[in-house]
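To start, the structure under review is shown below, and the notes come after it.
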Amino acid sequence: QVQLVESGGGLVQPGESLRLSCAASGSLFSIYTAGWFRQAPGKQRELVARIAKFGTTNYADSVKGRFAISTNSAKDTMYLQMNSLKPEDTAVYYCNANWTGVRDWWGQGTQVTVSS
């Protein structure tokens with residue numbers, strides 16, 4: 001069965017960096033559009049970054065210039081490099097792959113907490 005597993009979350013201080021990883025199966029990141037979403041307490045899930053199979057990317061305005069999404073097809077892994085982290089970035093981050101008009105695949109989420 002297709003599976004997405006996030007890792008790399010944790011507790012960091014403002015201004016520090018963190019790198020999230022999402023390991024997949026079924027060559028998802030070579031076939032479908034993928035991305036990272038996040039959900040903070042009391043808030044709706046929001047798109048953080050998206051990457052198409054040909055490499056084009058999109059970012060939420062709140063993270064532009066600080067976050068970078070990438071994939072490694074050989075390892076079937078997706079990454080989210082997060083720099084200059086802010087307390088507002090605190091949320092559960094979810095890995096996602098999307099077959100447009102058909103279905104989504106989701107990971108279980110990894111907690112990122114930015115606090116002094």
Side-chain angles (χ1 to χ4, degrees):
Q1 186 174 341
V2 173
Q3 183 178 39
L4 297 178
V5 181
E6 302 98 335
S7 63
L11 173 64
V12 297
Q13 293 185 300
E16 294 185 338
S17 299
L18 204 59
R19 191 190 198 193
L20 304 184
S21 297
C22 178
S25 61
S27 301
L28 294 185
F29 305 136
S30 296
I31 300 171
Y32 308 108
T33 294
W36 291 92
F37 289 73
R38 68 185 181 188
Q39 187 167 23
K43 304 293 184 180
Q44 293 192 60
R45 186 173 298 185
E46 64 174 346
L47 174 67
V48 176
R50 189 196 306 276
I51 185 167
K53 64 179 181 179
F54 293 116
T56 55
T57 59
N58 291 293
Y59 297 91
D61 288 341
S62 60
V63 307
K64 286 182 179 177
R66 299 189 298 119
F67 290 12
I69 187 171
S70 63
T71 58
N72 185 318
S73 297
K75 297 180 179 180
D76 205 10
T77 302
M78 179 170 66
Y79 306 94
L80 183 67
Q81 178 65 46
M82 305 184 292
N83 299 321
S84 301
L85 284 162
K86 304 174 180 179
E88 306 91 85
D89 295 318
T90 296
V92 175
Y93 284 69
Y94 297 91
C95 177
N96 166 266
N98 174 250
W99 183 0
T100 304
V102 180
R103 68 159 296 170
D104 287 280
W105 292 269
W106 293 92
Q108 293 300 119
T110 185
Q111 177 71 47
V112 171
T113 301
V114 185
S115 177
S116 59

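Computed from heavy atoms alone, side chains included, the values below leave out hydrogens, waters and symmetry copies.
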For [X] versus [Y], what's the shortest heavy-atom pair and its separation?
{"X": "A97", "Y": "L28", "value": "CB-CD1, 4.1 Å"}
{"X": "Q3", "Y": "S25", "value": "N-OG, 3.0 Å"}
{"X": "A40", "Y": "A91", "value": "N-CB, 3.8 Å"}
{"X": "V63", "Y": "V48", "value": "CG2-O, 3.6 Å"}

Test item: [X] and [Y] side chains (from C-beta on) under 4.5 Å apart, heavy atoms:
{"X": "T100", "Y": "N98", "result": "yes"}
{"X": "L18", "Y": "F67", "result": "no"}
{"X": "L20", "Y": "V112", "result": "yes"}
{"X": "P87", "Y": "S115", "result": "no"}

- Ignoring hydrogens and geometry, is there a side-chain-to-backbone donor-acceptor pair from Q81 to I69 under 3.5 Å? no
- Task: Return yes if some donor-acceptor pair links the side-chain N/O of T110 with the main-chain N/O of G9 below 3.5 Å, else return no.
- Result: yes
- Message: Checking M78 against I51 for the side-chain contact (heavy atoms from CB on, under 4.5 Å) test, could you report, in this order, the C-alpha distance in whole Å, the side-chain angles of both residues, the deciding distance, and whether it holds?
- Response: CA-CA 9 Å; M78 179 170 66; I51 185 167; 4.2 Å; yes
Strictly by disulfide (SG to SG under 2.5 Å), give each pair with a member in [range] just once, sequence neighbours left out.
{"range": "residues 8-83", "answer": "C22-C95"}
{"range": "residues 42-86", "answer": "none"}
{"range": "residues 46-89", "answer": "none"}

- Message: If you apply the rule side chain to side chain donor-acceptor pair (under 3.5 Å), what do you find for D76 with S27, and how did you get there?
- Response: CA-CA 6 Å; D76 205 10; S27 301; 4.7 Å; no
- Residue pairs fulfilling salt bridge (charged side-chain N to carboxylate O under 4.0 Å, His left out) with at least one residue in residues 107-116, sequence neighbours excluded: none
- Listed partners of S7 passing side chain to side chain contact (heavy atoms under 4.5 Å, CB included), at least two apart: S21
Quick one: side chain to side chain donor-acceptor pair (under 3.5 Å) partners of [X], sequence neighbours excluded?
{"X": "T113", "answer": "Q111"}
{"X": "K43", "answer": "none"}
{"X": "S62", "answer": "R38"}
{"X": "E16", "answer": "none"}

- Task: Give a yes or no on whether Q108 atom CD has more than 12 heavy-atom contacts from other residues, nucleotides or ligands under 6.0 Å away.
- Result: no
- Item | salt bridge (charged side-chain N to carboxylate O under 4.0 Å, His left out) partners of R50, counting only residues at least two apart | none
Is [X] linked to [Y] within one hydrophobic cluster, defined over Ile, Leu, Val, Met, Phe, Trp and Tyr using a side-chain heavy-atom separation of less than 4.5 Å?
{"X": "I31", "Y": "W105", "answer": "yes"}
{"X": "F37", "Y": "V114", "answer": "no"}
{"X": "M82", "Y": "V92", "answer": "no"}

- Which pairs count as side-chain hydrogen bond (donor to acceptor under 3.5 Å, both in side chains) when at least one residue sits in residues 64-74, sequence neighbours excluded? S30-S73, D61-K64, R66-D89
- Query: Which residue pairs satisfy the ring-ring contact (aromatic ring centres under 6.0 Å, His included) criterion with at least one member in residues 69-103, sequence neighbours excluded?
  - Reply: Y32-W99
- So CG of L47 and CG of N96: to nearest 0.5 Å the spacing works out to 8.5 Å
- Task: Evaluate side-chain contact (heavy atoms from CB on, under 4.5 Å) for R45 paired with W106, printing each intermediate quantity in order.
- Result: CA-CA 12 Å; R45 186 173 298 185; W106 293 92; 3.3 Å; yes
